[in-house]
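First up is the structure itself, then whatever we jot down about it.
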Amino acid sequence: MRSTGIRRTLVALGVGALTLTACGSDGDRAADGKTRITVNCMPPRSAEVDRRFFEEDVAAFERKNPDIDVVPHDAFPCQDPKTFDAKLAGGQMEDVFYTYFTDARHVVDIKQAADLTPYVKELKSYGTIQRQLRDIYTVDGRIYGVPRTGYSMGLVYHRQLFERAGLDPDRPPTTWPEVRAAAKRIAALGGGTVGYADYSAQNQGGWHFTAELYSRGGDVVTPDGKKAAVDSPEGRAVLRTLHDMRWTDGSMGGKQLLVINDVQQMMGAGKLGMYLAAPDNIPILVKEKGAEYEDLALAPMPGGRATLIGGDGYMFHRKASPEQIRAGLKWLDHMFLTPGDGFLGDYARAKKNDAPVGLPEPRLFTGAADARDQQVKESHANVPVENYQAFLDGNQDLEMRIEPPQAQQLYSVLDGVVSAVLTKEDADIGRLLEDASAKIDGILARG
């Protein structure tokens, strides 16, 4: 999902959003003979601490690699969907550029990505990254990008409201009927308290519908990616649950057409029991919305089948030279892919600057690299890690599912379905899904 901005926040540092600017390469050779690379997603000056960390790490890299000159660019946000394709087509994209997971195939299809396959063996950390994340940037057996962070969706809940409602905060809901029952009890506390909230505008409703559909074992499109699959028993169950929580139980409150900021405000104010989110929401709720870490907990996606995953990584401009690709891979290793070190992994530095350490994600590595990363993180943890144990344990049993093709266009269609169910008590779920399927088929047919 692109439009919410929640995954633009630096999970490891939790200080501010990462950003980029739109400028092309300054050439692969500086006047002094160094290999020059332009990179994006540098934190803006307004994110003072993140900016300082980034600059420190770039300087340290250049000291270790005196033959490489790194030219970082910044703006807001890290990637703007409205200008992304134009930058690529116009040759204005940086040599090493930020992408969401859902961009990978598209960038390859329009022939704007360098093939990293001959060079990736030089990326020391590549083999330690989770295979399912590496595969996102692998198209037809060729490697076109490197993951930087990954996330999965779960259920954020308010422990204090659980206790007040007579629910055990150490045993969060694991099924959708349990979510519905808990939401009803929380809403019964009164005083404007809402049991469960969901998005239904700005494509965010379609995004959450997809996550809820995955959680029940359903899908948005058929396995070949050519037809809609939302008009299914699982799709109808998602909408029926939302309808009944909204209209029968009254546990979702009267205000609808919510987006992420609305829901985060409710949770931060202690007026919301549960909503779906990734772990990176937690520091936002504390630092920006007034919540306390002790009151927030995270459970796996209800339903027990699957969870939606996403994240970001870097790809290389199709005109990048072999020297620039090698330099860029070294930079990625230094900045993001060394367990317990670098911009995302220096937990000691993060803790010293009052950033949250100990959140359950991102979890990028496997094997010894993961063990090292987790050990360093645990030794510097400054948040109640026990509040996230259910999420960590439950995720072991869930299938990890990436967003569907043409995600934003599909989410726009599905937004209308979710908003209709939450704003019209007599909404015809079957007709809504039939109409949505026809629209999705058209989008997929156009490619």
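Heavy atoms only: backbone and side chains are in, while hydrogens, waters and symmetry mates are out. Predicted, not measured: the structure shown is a model, and the values here were computed from it.
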Step by step, work out the side-chain contact (heavy atoms from CB on, under 4.5 Å) result for L414 and V220.
CA-CA 10 Å; L414 295 169; V220 176; 4.3 Å; yes

Test ring-ring contact (aromatic ring centres under 6.0 Å, His included) applied to F343 and F53, step by step
CA-CA 7 Å; F343 187 59; F53 289 171; 7.2 Å; no

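- T138 contributes atom OG1, which lies 11.0 Å from atom CZ of R105 (distance to the nearest 0.5 angstrom).
- Between the side chain of N65 and the backbone N or O of F61 there is at least one donor-acceptor pair closer than 3.5 Å.
- Here the closest heavy-atom approach between residue V179 and residue Y196 is recorded as CG1-CD1, 4.0 Å.
- A donor-acceptor pair under 3.5 Å links the side-chain atoms of E62 to the main chain of V70, judged by distance alone.
- The residues D57 and R349 are annotated as salt-bridged, a charged nitrogen and a carboxylate oxygen being separated by less than 4.0 angstrom.
- No more than 12 heavy atoms of other residues, nucleotides or ligands lie within 6.0 Å of CD in E292, so this atom counts as exposed by the packing criterion.
- Taken from CZ in F84 to CD in Q79, the straight-line distance is 4.5 Å, to the nearest 0.5 Å.
- Remark: the backbone N or O of K226 is paired with a side-chain donor or acceptor of D224 at under 3.5 angstrom.
- Side chains of S200 and D415: no donor on one and acceptor on the other come within 3.5 Å.
- A salt bridge does not link R305 to E399: none of the charged side-chain nitrogens sits closer than 4.0 Å to a carboxylate oxygen.
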Step-by-step side-chain contact (heavy atoms from CB on, under 4.5 Å) determination, R318 to L88
CA-CA 9 Å; R318 64 183 177 85; L88 283 170; over 6 Å; no

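- Checked against Q406 for a side-chain hydrogen bond (donor to acceptor under 3.5 Å, both in side chains), the options Q409, E403, Q408 give a single hit: Q409.
- We find the CG-CD1 distance between L167 and I186 to be 5.5 Å, quoted to the nearest 0.5 Å.
- When only modelled atom types and interatomic distance are considered, T241 and R216 share a side-chain donor-acceptor pair under 3.5 Å.
- Looking only at side-chain heavy atoms (C-beta outward), L258 and L422 stay at 4.5 Å or farther from each other.
- Under a 3.5 Å cut-off, the side chain of K111 and the backbone N or O of V108 do not form any donor-acceptor pair.
- Note that CZ of F101 and CZ of R148 are 10.0 Å apart. Values are rounded to the nearest 0.5 Å.
- A salt bridge is defined here as a Lys NZ or Arg NE, NH1 or NH2 lying under 4.0 Å from an Asp or Glu carboxylate O, and D373 with R363 fails to meet this definition.
- Using a 4.0 Å cut-off between charged nitrogen and carboxylate oxygen, D95 and R36 do not count as a salt-bridge pair.
- When side chains are defined from C-beta on, Y388 does not count as touching P279, because their heavy atoms never get closer than 4.5 Å.
- Aromatic ring pairs are classed by plane angle as parallel below 30°, tilted from 30° to 60° and perpendicular above 60°; the pair Y275 and Y199 is tilted.
- Counting heavy atoms from C-beta outward, Q130 and F365 have side chains that stay 4.5 Å or more apart.
- Side-chain atoms of Y157 and P173, non-hydrogen and from C-beta on, never get closer than 4.5 Å to each other.
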Please determine whether side-chain hydrogen bond (donor to acceptor under 3.5 Å, both in side chains) holds for the pair N387 and Y293, giving the CA-CA distance in whole Å, both sets of side-chain angles, and the decisive distance to 0.1 Å.
CA-CA 9 Å; N387 287 6; Y293 281 114; over 6 Å; no

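- A salt bridge is absent between E122 and K330: the closest approach of a Lys/Arg side-chain nitrogen to an acidic carboxylate oxygen does not fall below 4.0 angstrom.
- Ring centroids of Y144 and Y137 are separated by 6.0 Å or more, keeping the two rings apart.
- Between L359 and L298 there is no side-chain heavy-atom pair separated by less than 4.5 Å.
- Salt bridge status for R52 with E56: present, with a side-chain N to carboxylate O gap under 4.0 Å.
- Every side chain to side chain contact (heavy atoms under 4.5 Å, CB included) that D168 has, sequence neighbours left out, goes to D170, R171.
- Each of N40, V39, D103 was checked for a side chain to side chain contact (heavy atoms under 4.5 Å, CB included) with Y98, and the lone residue meeting it is N40.
- For the pair F209/V238, a side-chain contact is recorded, criterion being any heavy-atom separation below 4.5 Å from C-beta on.
- Of the possible donor and acceptor atoms, none in the side chain of S152 sits under 3.5 Å from a partner among the backbone N and O of L308.
- Ion pairing of D67 with K34 is absent here, as no side-chain N (NZ or NE/NH1/NH2) approaches a carboxylate O to less than 4.0 Å.
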Verdict with reasoning, E234 to Y214, per side-chain hydrogen bond (donor to acceptor under 3.5 Å, both in side chains)
CA-CA 9 Å; E234 295 83 7; Y214 285 175; over 6 Å; no

Applying salt bridge (Lys or Arg N to Asp or Glu O under 4.0 Å), run through R401 and D219 and close with a yes or a no.
CA-CA 10 Å; R401 301 279 306 279; D219 210 337; 2.7 Å; yes

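- Of all heavy-atom pairs spanning W176 and M301, the tightest one is CZ2-CE, 4.4 Å.
- Defined by atom type and a distance below 3.5 Å, a donor-acceptor pair is missing between the side-chain atoms of Q375 and E378.
- Expressed to the nearest 0.5 Å, how far CD1 of I309 lies from CG of L398 amounts to 11.5 Å.
- Test L337, L116, I143 against Y126 for side chain to side chain contact (heavy atoms under 4.5 Å, CB included) and you get one pass: I143.
- With rounding to the nearest 0.5 Å, the separation of CG in L332 from OG in S125 is 8.0 Å.
- Checking H208 against D198 by side-chain atom types alone, a donor-acceptor pair falls below 3.5 Å.
- For K289, the NZ atom counts as densely surrounded, since its 6.0 Å shell holds more than 12 non-hydrogen atoms of other residues, nucleotides or ligands.
- When only modelled atom types and interatomic distance are considered, H334 and D341 share no side-chain donor-acceptor pair under 3.5 Å.
- D50 places no side-chain N or O within 3.5 Å of a backbone atom of A47 that could act as its donor or acceptor partner.
- At least one donor-acceptor pair closer than 3.5 Å links the side chain of R134 to the backbone N or O of I129.
- Taking every heavy atom of both residues into account, A113 and V107 meet most closely at CB-CG1, 3.8 Å.
- A heavy-atom distance below 4.5 Å is not found between the side chains of V71 and I37.
- Counting only distance, with no hydrogens or angles, the side chain of Q112 and the backbone of D109 share no donor-acceptor pair below 3.5 Å.
- Across I68, T35, V96, a single residue satisfies side chain to side chain contact (heavy atoms under 4.5 Å, CB included) together with Q324, and that is T35.
- The side-chain heavy atoms of M42 and V58, taken from C-beta on, include no pair separated by under 4.5 Å.
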